[in-house]
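Input: a single structure, listed below in structure tokens.
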Amino acid sequence: MGSYVPSSMEQRDEMLKALGLSSVLELYKDVPEEMLVKGGLDLPEGMSEMGTMRAMSAMAAKNIVFGTVLRGAGSYDHYIPSIVKTVPAKEEFLTAYTPYQAEMSQGVLQSIFEYQTMICQLTGMDVSNASVYDGASAAAEAAAMCRARKRTVTLISAAAHPDVINTVRTYCMGSGTEMRIVPAKGGKTDPEALKEMLTDDVAGFYLQQPNFYGQIEDAEELGAMAHEAGAMFIMGVNPISLGIMKTPAECGADIAVGEGQPLGMPMAYGGPYLGFMATTEKNMRKLPGRIVGETVDSRGERCYVLSLQAREQHIRREKASSNICSNEALCALTASVYMAAMGPDGIADAAAQCLSKAHYLAKQLCTVEGVELVYTGDFFHEFVTTMPEKDKVLKALEDAGILGGLPIEEGVLWCATEKVSKAEMDRAVSIVKEVLE
Amino acid sequence: MKLIFEKSAPGRRSQLLDRCDVEQFELPEKFRRAEKAPLPQLSEIDVDRHYSELNTRVHGVNTSFYPLGSCTMKYNPRVNEEIAALPGFTGIHPLAPEYSVQGCKEVIATAKKYLCEISGMDDMTFQPAAGAHGEFTGVMLIKQYHQSRGDQKRCKIIVPDSAHGTNPATAAMCGFEVVNIASAPDGCVDIEALKAALGDDTAGLMLTNPNPVGLFDENILEITRLVHEAGGLCYYDGANLNAVMGVVRPGDMGFDCTHMNLHKTFSTPHGGGGPGAGAVGCKAFLAPFLPKSALMDEEGHIQVRSFEGNFLIVVRALAYLLTLGKEGVPEASTNAVLNANYLMHQIKGTFEPAFDRICMHEFVLDLGAFKKETGVSALDVAKTLIDYGMHPPTMYFPLIVHEALMLEPTETESKDTLDWAAEVFRKVYELAHQDPEYMHEAPHHAQIGRPDEVLAARKPVVRFRPAE
């Protein structure tokens with residue numbers, strides 16, 4: 001029923017006539033007859049816009065939207081300012097292609113140039129690309145950047161996000177290189193094990209900060225060990241934490257990557273998200289993906305173009321640094337608007353509130369009999385507690401509209417962002433108490 | 001225009017968050033950054049006006065004609081945006097318990113069913129976030145398949161030289177040796193070259209059909225048969241699926257796996273370069289090798305990014321499919337092909353098509369002779385089109401046609417727009433004969449003159465730094 005073909009039936013006939021044809025099927029004369037779809041596809045009848053809206057709204061209504069979210073583990077429920085939703089919805093930003101034609105894409109190009117700068121300001125690194133798919137694929141691309149002829153092995157901390165580890169493993173499997181997991185001890189990367197594993201075939205070491213369990217790693221020390229052994233140091237960082245936490249640059253990282261979702265993107269059942277990637281001046285030409293650079297036009301005015309394209313697939317083909325073509329441009333724009341709207345103080349405030357609220361929640365939860373912190377190191381906005389009868393506790397929370405922490409082997413992985421109030425956390429804790437006491 | 005950093009003033013900010021209502025916790029000194037992130041300091045109106053100004057310097061497909069070949073710039077329906085913004089979709093944590101995400105599951109299952117039907121495949125993943133990401137996933141399926149059979153010697157992937165650059169780049173990322181085979185002059189597979197390349201070291205073939213010059217390869221069944229007989233698998237690059245939806249299916253052409261660009265064929269917006277979604281479909285025998293999330297699903301599978309992929313893109317694509325339905329899907333493709341042929345026909349007589357025969361959803365103009373005659377290049381023509389408010393076609397692709405301009409009007413342009421576009425091309429053609437110098441310097445009425453790309457590459461400035 002629905003259609004986005006604007007030409008009237010008369011116009012379509014006129015076009016066919018101009019071509020000397022009587023039916024559109026004559027356009028498919030090169031397709032072997034036996035291959036043509038007979039009797040139409042097995043799809044339902046089309047719908048009106050109203051019908052589509054009704055059907056899709058009905059699906060959305062089958063999901064439960066929890067009013068309070070105390071779960072993170074790679075997807076975080078932060079407050080999204082109104083302007084962060086409206087700017088990327090502007091139809092030109094929304095419906096443009098990759099800015100191949102600089103003369104009619106300065107808006108996109110400049111916004112990416114600004115994004116690259118803000119990612120550098122946040123991470124302390126020298127250069128950023130225009131984005132990759134998400135934090136996990138960013139980690140995999142970073143691992144590839146580190147490889148050299150005699151150094152091909154990737155080390156990754158066991159305390160990294162399981163999806164990141166698995167994605168890095170997959171990319172390594174693709175390239176025929178090895179990934180080795182550095183064990184964790186007490187919820188943090190084991191420095192002794194790392195030291196032993198830093199053999200002379202290791203290209204890079206990936207550390208997540210804060211790690212999957214929320215623990216703050218001794219990044220500088222671990223990074224220095226990697227460097228000492230001649231390996232590169234990759235940090236996977238939470239961008240909100242960088243409002244207050246030491247930057248990857250300050251920790252000595254060669255490459256900083258991360259999941260950009262906390263910078264203004266909704267959880268949205270896992271995507272679209274944003275992979276950010278930044279590195280040092282020295283490694284600039286190893287970065288995969290689009291990079292926007294400044295130049296001047298024929299009139300001598302400052303302008304922006306897609307630059308350093310000699311690294312990319314459409315030029316280098318099988319010798320390209322990556323096959324990436326489309327990235328997450330609109331998510332990068334979203335992150336830029338978020339960072340610009342929040343500013344240095346706003347993002348520091350968001351980070352400080354995450355930290356304080358997570359510590360408040362941890363303290364309150366630990367007042368409940370049988371609940372205690374599993375790992376005792378410093379943490380940012382996630383932490384693991386023991387939890388007797390965790391299924392029952394989580395269900396009771398859910399029944400009250402609260403998505404509790406993520407059940408994992410060690411207990412429950414909780415998260416608190418700036419978005420949750422003291423009252424919401426107190427209510428959650430009282431429900432936990434009720435179930436267990 | 002000024003950069004956002006040049007509009008920053010100390011002390012400006014918006015009050016977006018509540019005050020912290022719990023006791024402040026101090027981060028130990030050794031973990032603190034030395035200085036606050038030096039982000040720009042702006043009030044809300046500064047941010048709003050800045051991006052509004054930038055937005056006036058962007059050309060979107062919903063704004064005007066965008067015949068960028070191989071990119072399928074079709075209209076992005078508004079209702080799909082509204083649907084993708086429903087809190088019932090945006091507010092869902094990917095690790096929420098299964099009973100609470102039944103709507104998301106239904107979206108994925110329904111989209112999978114329809115897209116499998118359209119592609120002729122049996123199973124599908126939505127984890128890949130873009131077309132090239134889908135290619136990576138698809139070729140990893142091929143790799144796992146051979147490995148699972150202990151067939152270790154299959155180390156080569158065959159790619160025609162007319163292919164998109166992502167194909168050879170993907171094969172290389174998956175650890176395969178790339179065997180480039182020469183295409184026939186019409187961009188179709190040279191059967192003899194294919195036969196010569198096939199052997200017991202062939203892992204597979206990557207192919208686009210219609211091919212990258214916009215022609216349907218009529219030998220497709222023989223091609224896929226030959227690859228299968230040699231023990232290889234066939235990967236269908238879905239870049240050009242918009243020509244054939246509901247008319248012919250990759251699965252029926254003999255392909256074993258494919259990616260579909262939801263951001264092209266299924267009308268989800270490109271967003272200035274993403275996010276997209278590269279749904280990967282496969283035949284049943286490859287289904288055990290599809291990627292899964294280690295955290296969301298289970299360990300032991302490949303994985304190409306976190307969670308379930310770009311879910312909101314799948315939501316939009318499903319909304320599009322529900323609207324089009326059984327008749328609308330082939331109607332879209334047949335009209336895409338009709339529009340391309342009509343536009344090619346209307347332009348003919350000025351600029352000449354590289355292949356003077358019925359095309360699929362896109363066609364290539366060969367400006368080789370025109371350039372010899374006028375001194376005006378394909379680049380000059382493209383830049384002149386900008387002055388007429390039209391986004392230029394894809395330039396210098398495919399590589400097998402020199403001075404190529406590739407046009408893909410899509411089905412969502414009316415005859416009126418195509419007539420206007422043909423008229424613009426005629427005017428540009430005449431201009432080239434009257435004043436070629438003027439065209440060498442085009443565009444004249446755009447946001448900027450031609451940028452110095454050599455300078456950008458030689459002295460890279462890829463971020464703003466405040467003056468010392």
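Keep in mind the model is a prediction, meaning the values are calculated, not measured. Throughout, protein chains are lettered first and strands after them, A, B, ... in sequence-line order, and every chain is numbered starting at 1.
- Heavy atoms of A:Ala89 lying under 4.5 Å from chain B are absent altogether.
- A 6.0 Å sphere centred on CD of B:Gln102 holds more than 12 heavy atoms belonging to other residues, nucleotides or ligands.
- Note that CG of A:Asn323 and OG1 of B:Thr166 are 7.0 Å apart. Values are rounded to the nearest 0.5 Å.
- Note on ring orientation: taking the six-membered ring where Trp is involved, the planes of A:Tyr4 and B:Tyr75 are tilted (angle from 30° to 60°).
- Residue with the most contacts toward chain A among B:His93, B:His263, B:Lys143: B:His93 (heavy-atom pairs, distance under 4.5 Å).
- Heavy-atom pairs under 4.5 Å with chain B peak, among A:Ser7, A:Gly343, A:Pro6, at A:Pro6.
- Annotation: maximal heavy-atom pairing with chain B below 4.5 Å, among A:Leu403, A:Val296, A:Val87, occurs at A:Val296.
- The number of heavy-atom neighbours closer than 6.0 Å to CD of B:Glu81, taken from other residues, nucleotides and ligands shown, is above 12.
- Ranking B:Leu295, B:Ile358, B:Thr394, B:Asp18 against chain A, the residue ahead of the rest is B:Leu295, based on heavy-atom pairs under 4.5 Å.
- Interface remark: B:Asn62 contributes backbone and side-chain atoms alike to the contact with chain A (heavy atom separation under 4.5 Å).
- The side-chain contact (heavy atoms from CB on, under 4.5 Å) with B:Leu322 is formed by just one residue from the set A:Met56, A:Met53, A:Glu45; it is A:Met56.
- Most heavy-atom pairs under 4.5 Å with chain B, from the set A:Gly176, A:Cys303, A:Ala320: that is A:Cys303.
- B:Glu413 CD to B:Tyr66 OH: the interatomic distance, rounded to the nearest 0.5 Å, is 12.5 Å.
- Proximity to chain A is limited to the side chain of B:Asn76, based on heavy atoms less than 4.5 angstrom apart.
- If you measure heavy-atom distances from A:Lys319 to chain B, you find no contacts under 4.5 Å at all.
- Interface residue A:Asp378: only side-chain heavy atoms are found under 4.5 Å from chain B.
- Heavy atoms closer than 4.5 Å to chain A are found in the side chain of B:Lys383, but not in its backbone.
- Contacts between A:Leu27 and chain B at a heavy-atom distance below 4.5 Å involve backbone atoms as well as side-chain atoms.
- Below 30°, between 30° and 60°, or above 60°: for B:His133 and A:Tyr171 the angle between ring planes is between 30° and 60°, a tilted geometry.
- For B:Leu17, the part lying near chain A is the side chain, with the backbone staying farther off; criterion is any non-hydrogen pair under 4.5 Å.
- For B:Leu86, the part lying near chain A is the side chain, with the backbone staying farther off; criterion is any non-hydrogen pair under 4.5 Å.
- Contacts between B:Pro97 and chain A at a heavy-atom distance below 4.5 Å involve backbone atoms as well as side-chain atoms.
- Of the two parts of B:Phe397, neither the backbone nor the side chain holds a non-hydrogen atom closer than 4.5 Å to a non-hydrogen atom of chain A.
- Taken to the nearest 0.5 Å, the CD atom of B:Gln346 stands 9.5 Å off from the CE atom of A:Met15.
- Of the listed residues (A:Glu301, A:Gln309, A:Glu103), the greatest number of heavy-atom pairs within a distance under 4.5 Å of chain B belongs to A:Glu103.
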Side chain to side chain contact (heavy atoms under 4.5 Å, CB included) between A:Glu114 and B:Phe5: does it pass, once the steps are laid out?
-> CA-CA 8 Å; A:Glu114 292 174 351; B:Phe5 313 103; 3.9 Å; yes

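- For B:Glu411, the parts lying near chain A are the backbone and the side chain together; criterion is any non-hydrogen pair under 4.5 Å.
- Residue A:Val5 touches chain B through both its backbone and its side chain, counting heavy-atom pairs closer than 4.5 Å.
- For chain A, the nearby part of B:Arg13 is the side chain; its heavy atoms alone come within less than 4.5 Å.
- Interface check for chain A: of the options B:Gln41, B:Glu44, B:His301, B:His391, the most heavy-atom pairs under 4.5 Å are formed by B:His391.
- Of the two parts of A:Val31, the backbone and the side chain both hold a non-hydrogen atom closer than 4.5 Å to a non-hydrogen atom of chain B.
- Each of B:Val58, B:Thr323, B:Thr170, B:Val461 has some count of heavy-atom pairs under 4.5 Å with chain A, and the biggest count is that of B:Thr323.
- The minimum heavy-atom distance linking B:Cys20 with A:Lys357 is given by the pair SG-CE, 4.3 Å.
- Interface summary for chain A: among B:Thr412, B:Val247, B:Val337, the most heavy-atom pairs under 4.5 angstrom belong to B:Val247.
- The parts of B:Ile4 that come within reach of chain A are both its backbone and its side chain, each placing non-hydrogen atoms under 4.5 angstrom from that chain.
- In this pair, B:Tyr342 and B:His345 present their aromatic rings parallel. The plane angle is below 30°, not in the 30 to 60° band.
- Between chain B and the residues A:Ala348, A:Ala73, A:Ala55, the most heavy-atom pairs under 4.5 angstrom are made by A:Ala73.
- Salt bridge annotation for B:Arg450-A:Asp297: absent, with no cationic side-chain nitrogen under 4.0 angstrom from a carboxylate oxygen.
- Heavy-atom distances place the side chain of B:Pro460, and not its backbone, under 4.5 Å from chain A.
- In this structure, the separation between CZ on A:Arg317 and NE2 on B:His164 is 9.5 Å, given to the nearest 0.5 Å.
- For a residue to count as touching a neighbouring chain, one of its non-hydrogen atoms must lie under 4.5 Å from one of that chain's; by this rule A:Ser322 touches chain B with backbone and side chain alike.
- Of the atoms belonging to A:Glu312, not a single heavy atom falls under 4.5 Å from chain B.
- Of all the heavy atoms in B:Met73 and A:Thr95, the pair that sits closest is CE-O, 3.5 Å.
- Neither the backbone nor the side chain of B:Leu215 has a heavy atom closer than 4.5 Å to any heavy atom of chain A.
- When A:Ile324, A:Ile291, A:Leu25, A:Leu308 are compared by the number of non-hydrogen pairs under 4.5 Å with chain B, A:Leu308 comes out ahead.
- Contact of A:Ile347 with chain B is made through the side chain alone, with heavy-atom distances under 4.5 Å.
- Residue A:Leu394 does not touch chain B at all, counting heavy-atom pairs closer than 4.5 Å.
- Interface remark: A:Val337 contributes backbone and side-chain atoms alike to the contact with chain B (heavy atom separation under 4.5 Å).
- Taking every heavy atom of both residues into account, A:Asp30 and B:Phe216 meet most closely at O-CD2, 3.6 Å.
- Of the atoms belonging to B:Pro40, heavy atoms from both backbone and side chain fall under 4.5 Å from chain A.
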